[in-house]
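Some notes on the structure that comes next.
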Amino acid sequence: MRSILRLGSRAIFLYLAAAVIVGLVASYVILSASDSPRFQSEKGILDLTQVHVSENPLKLSGEWEFYWQELLSPDDIQFRSTNGGNHNRWISIPSSWLGYRLDDRKLKSTGFATFRVVALLSEQDKNKRLALRLPTIFHAYKLWVNGELLAEVGVVGRDKSSVTPHLATKLVFFQPENDKVELVMQVANFHHKRGGITKYIELGGSDALTVKTNLRIAYEMFITASLLVIGIYHLLLFILRRKDRAPLYFGLFTMLLAIRSLLVGELLITQLWSAIPWGLQFKIEYLILCISGYIITRYFDCIFPNYVSRWFRLVTLIATGALCLIVVTTPALIYSKLLLVIGVIIVLHIVYLMVGLVHAAVRGLEGALIFLLVSVVVLVTVINDFLYYNEWSLIGNTSPLGLLVFTIAQMILLFSRFTRAASNEERIARELQDTNNKLTDMNMNLERIVQERTQALSAAHDDLRTSYDRLLHSEQGRKKLLAYITHDLRLPLSSMLGYVEAVQDGVKPERNEQYLKYIRDNTIRINRMIEELSFLSLLETGQISYRMEPVHVIHFLRRFFEQYELVVRDAGLEFMLDVGDAEDQQPNLPVVEMDAQRLEQALFNLVSNAMKFTSREGLVRIALAFDNARYAIISVQDSGTGIPPDQLEQIFDRNYKYARPGVEKEVEGSGLGLAICREIVQAHGGTVRAESDGKTGAIFYVSLPCIVNKGR
């Protein structure tokens with residue numbers, strides 16, 4: 001059932017995305033057809049006698065009179081015409097004068113000029129109240145309609161110092177007294193790569209154009225408000241839960257889009273703050289364009305980790321930083337020439353991410369298909385916008401709508417992630433509650449069992465105490481005998497020889513069996529001691545070969561602990577392993593070059609030594625620590641009676657034997673274990689040392705050098 005729902009959901013989103021793309025293509029065709037002016041001016045004359053512009057507004061296009069490097073008023077043009085001056089220069093509107101061929105030379109982007117066109121109205125439109133919608137014109141202009149100055153944006157001048165640039169859209173109203181409408185416009189640009197009338201001027205009835213303009217403003221306000229709300233919401237989510245950075249980047253991206261929507265189209269920012277400096281307005285818009293690609297890349301990396309390569313993040317960061325630096329430090333006349341470069345970089349970002357999304361969708365990662373489909377929509381709208389701002393597209397600013405669709409889809413994706421996380425938390429909370437209830441019941445039963453066992457142990461302790469008093473003298477003698485065996489083989493050999501002679505001579509025949517048992521036991525002990533002495537001798541002379549290989553020290557300790565846990569616990573001791581937070585370093589676990597079998601032997605000698613000198617119910621603890629990731633330090637700690645501090649440097653000598661007072665059980669062994677341990681550790685390039693205050697147990701430290709960490 002779930003698989004059917006998943007397939008169904010993908011199909012639904014696929015149909016929706018296809019519908020959106022088809023809708024955009026259809027809108028392109030329809031808008032291209034509807035916005036393509038059916039009436040165009042020729043040599044400065046626009047014949048509108050066959051259309052009712054008061055009911056059907058249209059966009060002005062065609063040939064306008066063009067006076068380069070001249071700022072003429074309607075009276076100046078009329079005076080020149082009256083004196084027989086013939087005009088023979090025309091320019092197509094809308095377009096920039098950049099690249100316009102004049103007297104065998106191409107014009108640059110900076111300069112000033114006067115434009116003029118005369119529209120012939122139909123009888124129906126002669127006495128109607130009309131309006132002109134003026135787009136942003138780079139970068140300052142004056143407009144006369146039938147000789148009357150109706151609009152002035154910025155200050156027009158003949159050089160850069162006398163021009164005050166400004167950006168704004170305007171709606172001006174007039175009522176023609178006859179069937180002619182003369183439009184004269186002075187335009188000056190010294191601050192942008194494009195100069196002139198680069199966008200359509202709309203002519204129509206005052207009511208129709210007012211309604212159309214208000215609808216555009218309402219549409220842009222809706223998009224801006226939606227983006228702001230979505231952005232603030234996700235930034236608040238990040239503040240409340242900072243572990244996940246996806247809401248941070250998505251919130252920043254959405255907030256930047258909301259700010260940019262105020263700077264394009266109807267320029268809502270100028271209606272909210274009419275005195276905003278045009279330079280600040282332009283820099284903010286370009287900075288948002290430059291940084292948006294990097295932010296969406298970081299967001300994608302948070303949603304689908306390991307799909308954005310390290311080199312792409314680095315190149316993206318460098319390119320974004322370089323573009324932002326250029327925008328901040330250079331004037332608009334320079335950085336506005338990078339619009340196409342910025343567009344190409346953003347498109348490359350989207351295409352790169354879409355390739356990663358295809359791989360993620362093929363692997364069935366959650367949200368990858370939705371992300372991919374809405375990215376197609378964004379790519380179409382962004383490409384259209386860059387074509388539009390470079391005068392290659394007839395459709396207007398569409399990226400806010402496409403990006404709104406994108407943000408809504410991403411909001412749904414993030415919401416589904418938070419919902420799933422909340423559901424998991426609720427499930428885990430229920431499971432923890434059930435577990436806690438079970439543990440409470442177990443704890444109550446455990447307390448009762450502990451009380452019963454404590455009473456039994458108390459009785460057993462009284463019995464053992466009595467037995468201990470009887471065996472104390474025998475225990476001390478046995479320890480002394482073992483010390484003699486460790487350092488001198490002649491004493492046990494002499495003793496054995498005496499027993500043999502006693503048996504041969506028949507001194508006490510009734511004790512012959514006991515004499516033979518003594519001989520057998522001493523032979524076994526001497527044999528064990530000889531083996532250890534032989535092994536230690538081979539170690540000291542370097543005749544033991546090691547099979548070194550890289551081993552995860554944590555895994556080695558866990559195997560060792562599991563292997564000897566029952567042995568230690570059967571001895572009546574508590575056995576613990578503490579690796580701290582070392583396992584949190586996965587997959588970079590520390591690695592030591594070792595012969596695992598030999599090192600296990602050395603470590604067991606330390607554990608065995610701790611077992612010997614720790615009373616029952618005592619503690620033997622193995623721990624792991626690291627010294628700046630260069631050394632792995634394995635410690636073996638016991639809760640015995642400790643080692644006198646003045647003997648800590650001597651206990652590793654082969655000919656030295658020490659005894660800890662107050663030990664409650666038999667101590668067996670040759671006393672060579674610590675010497676063997678030191679030789680094995682030194683062969684691994686490490687060191688071994690001991691610490692003790694002589695009262696509360698001892699700690700042995702084995703330091704081994706680490707090599708370069710490797711993953712599992």
Pair Glu182 + Arg116: basic N to acidic O under 4.0 Å: yes
CA sep, side-chain torsions, deciding dist, call: Ile77, Tyr67, side chain to side chain contact (heavy atoms under 4.5 Å, CB included): CA-CA 10 Å; Ile77 296 175; Tyr67 301 88; 3.8 Å; yes
Option passing ring pair (Phe, Tyr, Trp, His ring centres under 6.0 Å) with His192 (candidates Trp97, Trp278, Phe282): Phe282
From Arg133 atom CZ to Leu60 atom CG, the distance as rounded to the nearest 0.5 Å: 12.0 Å
Step-by-step ring pair (Phe, Tyr, Trp, His ring centres under 6.0 Å) determination, Tyr100 to Phe66: CA-CA 11 Å; Tyr100 178 78; Phe66 183 56; 5.1 Å; yes
Between CZ on residue Arg298 and OG1 on residue Thr316, distance to nearest 0.5 Å: 10.0 Å
Donor-acceptor pair, side chain of Asn189 and main chain of Ser109, under 3.5 angstrom: yes
salt_bridge(Lys142, Glu148) N-O dist < 4.0 Å: no
Residues, nucleotides or ligands: over 12 heavy atoms within 6.0 Å of Arg245 CZ: no
Heavy-atom closest contact (Leu209 atom, Pro57 atom, distance): CD2-CB, 4.0 Å
Check: Phe238 ring centre within less than 6.0 Å of Tyr249 ring centre: no
Intermediate values then yes/no, side chain to side chain contact (heavy atoms under 4.5 Å, CB included), Leu256 and Ile295: CA-CA 10 Å; Leu256 291 176; Ile295 292 180; 3.4 Å; yes
Test side chain to side chain contact (heavy atoms under 4.5 Å, CB included) applied to Leu183 and Met185, step by step: CA-CA 7 Å; Leu183 304 181; Met185 181 175 288; over 6 Å; no
Derivation and outcome, side chain to side chain contact (heavy atoms under 4.5 Å, CB included), residues Leu333 and Thr110: CA-CA 9 Å; Leu333 186 62; Thr110 57; 3.9 Å; yes
Ring centres under 6.0 angstrom apart (Phe138, His191): no
Pairwise side-chain contact, Pro176 with Leu121, heavy-atom cut-off 4.5 Å (strictly under): yes
For the student: nearest non-hydrogen atoms of Gly231 and Thr254, plus distance: N-CG2, 3.7 Å
Flag side-chain contact, heavy atom, 4.5 Å: Phe112 against Phe190: yes
Side chain to side chain, Ile137 and Val153, heavy atoms closer than 4.5 Å: no
Glu63 backbone acceptor or donor facing Ser41 side chain under 3.5 Å: yes
Any side-chain heavy-atom pair of Leu171 and Leu132 under 4.5 Å: no
Distance (rounded to the nearest 0.5 Å) between Arg260 CZ and Leu287 CG: 12.5 Å
Within the 6.0 Å centroid threshold, strictly below: Trp64 and Trp90: no
Under 3.5 Å donor-acceptor, Gln40 side chain and Leu46 backbone: no
Non-hydrogen side-chain atoms of Ile91 and Phe115 separated by less than 4.5 Å: yes
Expected output: side-chain Ser95 to main-chain Ser92 donor-acceptor under 3.5 Å: yes
Any donor-acceptor pair under 3.5 Å from Lys283 side chain to Val327 backbone: yes
Min side-chain heavy-atom separation Thr198-Ile93 under 4.5 Å: no
Closest contact, heavy atoms only, Val172 versus Ala151: CG1-CB, 3.9 Å
For the student: nearest non-hydrogen atoms of Ser206 and Phe173, plus distance: CB-CD2, 3.4 Å
Ser162 side chain to Asp159 backbone, donor-acceptor under 3.5 Å: yes
Heavy-atom pair with the smallest gap, counting every atom of Gln186 and Trp144: NE2-CH2, 3.4 Å
Rounded distance (nearest 0.5 Å) linking atom CD1 of Ile334 with atom CD1 of Ile326: 9.5 Å
Check: Glu55 and Gln124 side chains under 4.5 Å, non-hydrogen atoms: yes
Check: Leu167 and His139 side chains under 4.5 Å, non-hydrogen atoms: yes
Atom of Ser261, atom of Thr224 and distance for their closest heavy-atom approach: OG-OG1, 2.6 Å
Ser96 (side chain) donor-acceptor with Gly195 (main chain) under 3.5 angstrom: yes
Exam field: side chain Glu65 to backbone Arg89, donor-acceptor pair closer than 3.5 Å: no
From Leu48 atom CG to Leu203 atom CG, the distance as rounded to the nearest 0.5 Å: 6.5 Å
CD1 (Ile291) with more than 12 external heavy atoms under 6.0 Å: no
Other residues, nucleotides, ligands: >12 heavy atoms within 6.0 Å of Lys170 NZ: no
Stepwise side chain to side chain donor-acceptor pair (under 3.5 Å) test for Tyr200 and Glu202: CA-CA 6 Å; Tyr200 285 112; Glu202 294 184 68; over 6 Å; no
